[in-house]
Structure formats: C-alpha cells, structure tokens
K.L.:
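Got a structure for you, written out below as structure tokens; questions coming shortly.
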Amino acid sequence: MKIGYYQFRPLFGRVEKNLAKVLSALGECDADLIVLPELAFTGYYFRDRNELAQLAENPKTSKTVDALIAICKRKQFHIVTGFAEKYEDKIFNSALLIGPSGIEHTYRKLHLFNEEKNTFDAGDIPLCVQDINGVKIGIMVCFDWAFPEVTRSLVLQGAQIICHPS
C-alpha cells in the first residue's frame, strides 16, 4: 500500500478555496491512501458554536464530500480527511474515510482539546478498524493521540496503520 499525506494550512472559513487547493494537489497524486489535516476545509479555531454551525456540513449533502468522492473514484484511492460534521443538532470534529464508492466510515473525535468543548460535541461512535485493500486502518483525530487507550483499542482490533488528521 502506498500512503501519502497532504499537509497544508487551511484558510479559515474558505471551504471552496481549501477544497480547490486539495483537489489540485491530489490530482497528480499516486497513492492508495492519503491523509488530510484536521478540519481541512473549514480551518480551525471557531469563535463560538454559531460560527462553527455556519461552516459545518452534513456529509450526505456536502458538495465538499461529493468532490472528494469524485476524485477518489477517478484516481481509485482512499482519503481520510478532517471534517466539521453537522449531524442533527450536534456538530462533531470528525474524520471521514472516503473511497471510490463514497463515505466508508465516519470517526468522531472522542477527546476534545481545551476550548473545543465549547463548540464541538464529543464523539459518539466506537473506535473500530476499516479494511482498505486488505490493510486494516484505524482513525483518530489530533488530541486523541494523548490517550494511549485510543491507539491500544485500534491495535487490538487489528489496525496496521493509524490515520491521524491533526
């Protein structure tokens, strides 16, 4: 498996511009799995929950996600990307596993850092591994790394690679 990452500094609130930058960078990429940053499209550090709510998206109706699915389909690779996820009345600091067939898994950050507790809801999906072409991957987001049980739980489930948008 060929793994890559695209690390860049997302411009705060400039979802379309950040998406265009990612799509341009990944257009020539030759990899099986690519990891993007935490909150890659909205940027990071929200003034308050209202500001976050205006930028967060439901992945099922997101033009951002649709564009990522399209490039995954065209390039035949998978992406793990940070994403401000709106779900019902909650907003999560999530990571999406996206492949040629669409969203394959959503991970919601369990351990919120510092002031994130004022804007995001804590994750509510149990840790689990996903299979990509016979390789088992686990996902965590940023501050989750500080808690050894996150890595331990993923490894005990067979994770061979841990994708860590941060």
K.L.:
If you draw the axis of the six-membered ring of Y87, does the NZ or CZ of R108 fall within 45° of it and under 6.0 Å from the ring centre?
P.N.:
yes
K.L.:
Decide whether L96 and V129 are clustered together by the hydrophobic rule: side chain heavy atoms of Ile, Leu, Val, Met, Phe, Trp, Tyr closer than 4.5 Å, transitively.
P.N.:
no
K.L.:
Please name the pair of heavy atoms, one in N18 and one in F41, separated by the smallest distance, quoted to 0.1 Å.
P.N.:
ND2-O, 2.8 Å
K.L.:
Are the side chains of E115 and Y45 in touch, meaning some heavy atoms are under 4.5 Å apart?
P.N.:
yes
K.L.:
Decide whether V141 and F8 are clustered together by the hydrophobic rule: side chain heavy atoms of Ile, Leu, Val, Met, Phe, Trp, Tyr closer than 4.5 Å, transitively.
P.N.:
no
K.L.:
Would you say the side-chain atoms of T106 and E85 include a donor-acceptor pair closer than 3.5 Å?
P.N.:
no
K.L.:
May I ask whether I79 and I3 are part of the same hydrophobic cluster, defined by side-chain heavy atoms of I, L, V, M, F, W, Y residues being less than 4.5 angstrom apart, directly or through others?
P.N.:
no
K.L.:
Test your reading of the model: is there a side-chain donor-acceptor pair from K75 to the backbone of L26, 3.5 Å cut-off?
P.N.:
no
K.L.:
Check step by step if side-chain contact (heavy atoms from CB on, under 4.5 Å) holds for F113 and D144.
P.N.:
CA-CA 9 Å; F113 181 72; D144 286 330; over 6 Å; no
K.L.:
If two hydrophobic side chains count as joined below 4.5 Å and joins carry through other members, does L127 share a cluster with W145?
P.N.:
yes
K.L.:
For residues T42 and A84, report the shortest heavy-atom separation together with the two atoms involved.
P.N.:
CG2-CB, 3.9 Å
K.L.:
Ignoring hydrogens, what is the shortest heavy-atom contact between L33 and V80? Give both atom names and the distance.
P.N.:
CD1-CG2, 4.0 Å
K.L.:
Would you name the heavy atoms of L154 and C128 that are closest together and state the gap between them?
P.N.:
CD2-O, 3.7 Å
K.L.:
For D48 and N50, run side-chain contact (heavy atoms from CB on, under 4.5 Å): C-alpha distance rounded to whole Å, both residues' side-chain angles, the deciding distance at 0.1 Å, then the answer.
P.N.:
CA-CA 5 Å; D48 55 34; N50 290 332; 3.5 Å; yes
K.L.:
When rounded to the nearest 0.5 angstrom, what is the spacing between NZ in K21 and CZ in R14?
P.N.:
11.5 Å
K.L.:
Do the side chains of L68 and I103 join up, straight or via other hydrophobic residues, at under 4.5 Å, putting them in one cluster?
P.N.:
yes
K.L.:
Please walk me through it: do C29 and I34 pass side-chain contact (heavy atoms from CB on, under 4.5 Å)?
P.N.:
CA-CA 9 Å; C29 186; I34 301 158; 3.4 Å; yes
K.L.:
What heavy-atom pair brings I69 and I98 nearest, and what distance separates the two atoms?
P.N.:
CG1-CG2, 3.6 Å
K.L.:
With rounding to the nearest 0.5 angstrom, report the OG1 to CD1 distance, T81 to I139.
P.N.:
10.5 Å
K.L.:
If you count every heavy atom of other residues, nucleotides or ligands that lies below 6.0 Å from Q160 atom CD, does the total exceed 12?
P.N.:
yes
K.L.:
Does some side-chain heavy atom of D32 sit less than 4.5 Å from a side-chain heavy atom of F77?
P.N.:
no
K.L.:
Quick check: F83 with F92 (ring centres under 6.0 Å apart)?
P.N.:
no
K.L.:
Please say whether more than 12 non-hydrogen atoms of neighbouring residues, nucleotides or ligands are located less than 6.0 Å from CD in Q76.
P.N.:
yes
K.L.:
Counting heavy atoms not belonging to R152, are there more than 12 under 6.0 Å from its CZ?
P.N.:
no
K.L.:
Can a side-chain donor-acceptor contact be found between E116 and Y44 if the only test is distance below 3.5 angstrom?
P.N.:
yes
K.L.:
Give the C-alpha distance, both sets of side-chain angles, the deciding distance and a yes or no for side-chain contact (heavy atoms from CB on, under 4.5 Å) between Y6 and V22.
P.N.:
CA-CA 8 Å; Y6 180 57; V22 167; 4.2 Å; yes
K.L.:
Find the distance between CD (E88) and CG (D121) and round it off to the nearest 0.5 Å.
P.N.:
11.0 Å
K.L.:
Please report the interatomic distance CD1(I71) to CG(D66), rounded to the nearest 0.5 Å.
P.N.:
13.5 Å
K.L.:
Can you name the nearest heavy-atom pair linking E57 to S62, along with the distance?
P.N.:
OE1-OG, 2.9 Å
K.L.:
Would you confirm whether the ring centroid of F143 sits within less than 6.0 angstrom of the ring centroid of H111?
P.N.:
no
K.L.:
Quick test of your reading of the model: are D131 and K136 salt-bridged, counting only N-O distances below 4.0 Å?
P.N.:
yes
K.L.:
Is it true that atom OH of Y5 has more than 12 heavy atoms of other residues, nucleotides or ligands lying nearer than 6.0 Å?
P.N.:
no
K.L.:
CZ of R49 to CD1 of I91: how many Å apart, nearest 0.5 Å?
P.N.:
4.5 Å
K.L.:
Any donor and acceptor pair, going by atom type alone, linking the side chain of H164 with main-chain N or O of C142 inside 3.5 Å?
P.N.:
yes
K.L.:
Is there a side-chain contact between P148 and V150, using heavy atoms and a 4.5 Å cut-off?
P.N.:
no
K.L.:
Give a yes or no on whether a salt bridge exists between K109 and E38, defined as a side-chain N under 4.0 angstrom from a carboxylate O.
P.N.:
yes
K.L.:
Just verifying a value: how many Å separate T151 OG1 and M140 CE, rounded to the nearest 0.5 Å?
P.N.:
3.0 Å
